[in-house]
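So the structure is just underneath, and the comments pick up after that.
The first residue of the sequence shown is numbered 1, and numbering continues consecutively from there.
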Amino acid sequence: MGDTNGRVVAGGNGLGNRLDQLKYPTDVLIDKETDSLIICDQGNRRVVRWSRRSGTTQGEILIDNIKCWGLAMDDQRYLYISDTDKNEVRRYQIGDKNATLVAGGNGKGADLNQLNFPTYIFVDQQQTVYVSDSSNNRVMKWGKGAKEGIVVAGSQGKGSALTQLSDPLGLFVDTLGTIYVADSLNHRVIRWAKGAKQGTVIVGGNGKGEGANQFNRPAGLSFDRHGNLYVVDRNNHRVQRFSIK
């Protein structure tokens with residue numbers, strides 16, 4: 001906190017596919033057990049791990065040949081990865097290339113057993129998987145072992161009404177089941193209470209712009225333990241922090 005300069009902890013050696021490079025990374029998580037970063041190196045079609053120890057100069061490939069976008073890890077250290085080519089989410093045991101299908105996987109489409117360009121994901125303590133089903137303009141919830149999902153936000157077509165989403169991306173679900181989603185083409189973050197038919201705008205929603213209360217294509221979002229919301233404001237090339245009451 002308070003640093004005005006960041007430091008590079010992975011990549012930073014230009015665009016490329018060497019082990020010391022990344023190409024259009026889209027998501028990252030911290031594996032506390034191994035004190036490492038797990039990164040969706042989307043442009044290189046791989047998931048890589050970088051140790052956080054000082055002196056690390058390159059990563060290692062965990063999974064290759066996957067058009068990953070979003071990552072999540074559950075309490076048992078299973079890794080969940082969304083695949084925008086196969087329109088599915090799979091669960092991996094770290095170190096094992098074989099995976100279990102947990103959402104989608106029935107071709108591109110808008111049926112309840114399908115996804116269309118799944119991006120960010122969130123997994124709760126029951127191993128329930130929430131998926132930003134971006135090109136279907138909805139958020140889906142897949143229970144453990146489910147053969148199809150249920151719509152928990154959006155799905156009323158693409159639009160800006162409170163019942164609608166437009167290219168949803170970043171996703172967070174709290175312990176009450178409230179869903180927070182970066183509604184990117186509506187330039188807002190919207191909150192959907194469990195079972196709600198429409199959402200509530202909590203930040204943004206004031207048109208596309210550079211103001212402190214505006215976004216331009218928000219992508220990722222995260223909360224810290226003090227309840228502060230962090231939003232990756234992609235096309236404004238910044239990260240914003242908000243105190244959510």
Side-chain angles (χ1 to χ4, degrees), residues 26-27 40 42 45 47 63 65-74 78-93 97-174 176-186 188-200 217-221:
T26 51
D27 207 359
C40 171
Q42 187 233 12
R45 299 181 65 92
V47 176
I63 299 151
N65 197 26
I66 181 171
K67 196 66 189 272
C68 62
W69 193 288
L71 302 170
M73 189 180 279
D74 69 18
Y78 282 102
L79 182 63
Y80 297 73
I81 306 173
S82 63
D83 185 329
T84 56
D85 270 1
K86 295 181 178 174
N87 297 294
E88 65 185 21
V89 179
R90 287 187 177 267
R91 183 178 70 220
Y92 294 79
Q93 198 156 14
K97 294 280 196 287
N98 297 318
T100 305
L101 182 71
V102 292
N106 294 295
K108 178 162 77 173
D111 289 342
L112 291 178
N113 68 345
Q114 294 178 305
L115 298 168
N116 186 354
F117 210 84
T119 54
Y120 293 99
I121 51 183
F122 186 92
V123 180
D124 70 12
Q125 289 178 317
Q126 284 73 48
Q127 295 184 324
T128 303
V129 179
Y130 295 81
V131 189
S132 276
D133 190 12
S134 297
S135 292
N136 281 328
N137 303 296
R138 66 188 185 184
V139 176
M140 298 294 289
K141 173 182 174 181
W142 289 64
K144 188 177 180 181
K147 292 287 179 269
E148 60 179 41
I150 60 171
V151 180
V152 288
S155 197
Q156 302 296 315
K158 187 174 188 169
S160 59
L162 291 176
T163 55
Q164 295 176 305
L165 298 170
S166 187
D167 194 25
L169 293 173
L171 191 59
F172 183 88
V173 183
D174 70 15
L176 299 173
T178 306
I179 297 160
Y180 297 79
V181 59
D183 189 12
S184 73
L185 285 177
N186 286 322
R188 65 191 183 186
V189 175
I190 193 163
R191 173 170 63 197
W192 290 65
K194 189 173 183 177
K197 294 283 180 270
Q198 65 177 44
T200 308
R217 300 289 301 272
L221 55 82

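Thr84 and Asn87 make their closest contact through O-OD1, 3.7 Å (heavy atoms, listed as atom of the first residue, atom of the second, distance). Across Val181 and Leu165, no two heavy atoms sit closer than the pair CG1-CD2, 4.0 Å. Nearest heavy atom pair, residue Gly154 against residue Trp192, reads N-CH2, 3.2 Å. Of all non-hydrogen atoms in Leu115 and Trp142, the two that sit nearest each other are CD2-NE1, 4.3 Å. Listed here is the closest heavy atom pair of Ala182 and Pro218: CB-O, 3.9 Å. Residue Ser82 comes nearest to Gly70 through the heavy atom pair OG-N, 2.8 Å, listed as atom of the first residue, atom of the second, then distance.
Identified under the side-chain hydrogen bond (donor to acceptor under 3.5 Å, both in side chains) test for residues 107-116, with sequence neighbours left out: none.
Side-chain atoms of Asp27 and Tyr120 form no donor-acceptor pair, as typed in the model, at a separation below 3.5 Å. Using modelled atom types and a 3.5 Å distance limit, the side chains of Asp167 and Ser184 yield a donor-acceptor pair.
Annotation: side chain of Asp83 is not in contact with side chain of Pro118 (no heavy-atom distance under 4.5 Å). Residues Ile190 and Leu162 have side chains in contact (heavy-atom distance under 4.5 Å, counting atoms from C-beta outward). A heavy-atom distance below 4.5 Å is not found between the side chains of Ser132 and Leu169. Between Tyr180 and Asp174 there is a side-chain heavy-atom pair separated by less than 4.5 Å. Residues Ile81 and Ile63 are in side-chain contact: their nearest non-hydrogen atoms beyond the backbone lie under 4.5 Å apart. Looking at Lys158 and Leu185, their side chains come closer than 4.5 Å, going by heavy atoms from C-beta outward. Using a 4.5 Å cut-off on side-chain heavy atoms (C-beta onward), Met140 and Val151 make contact.
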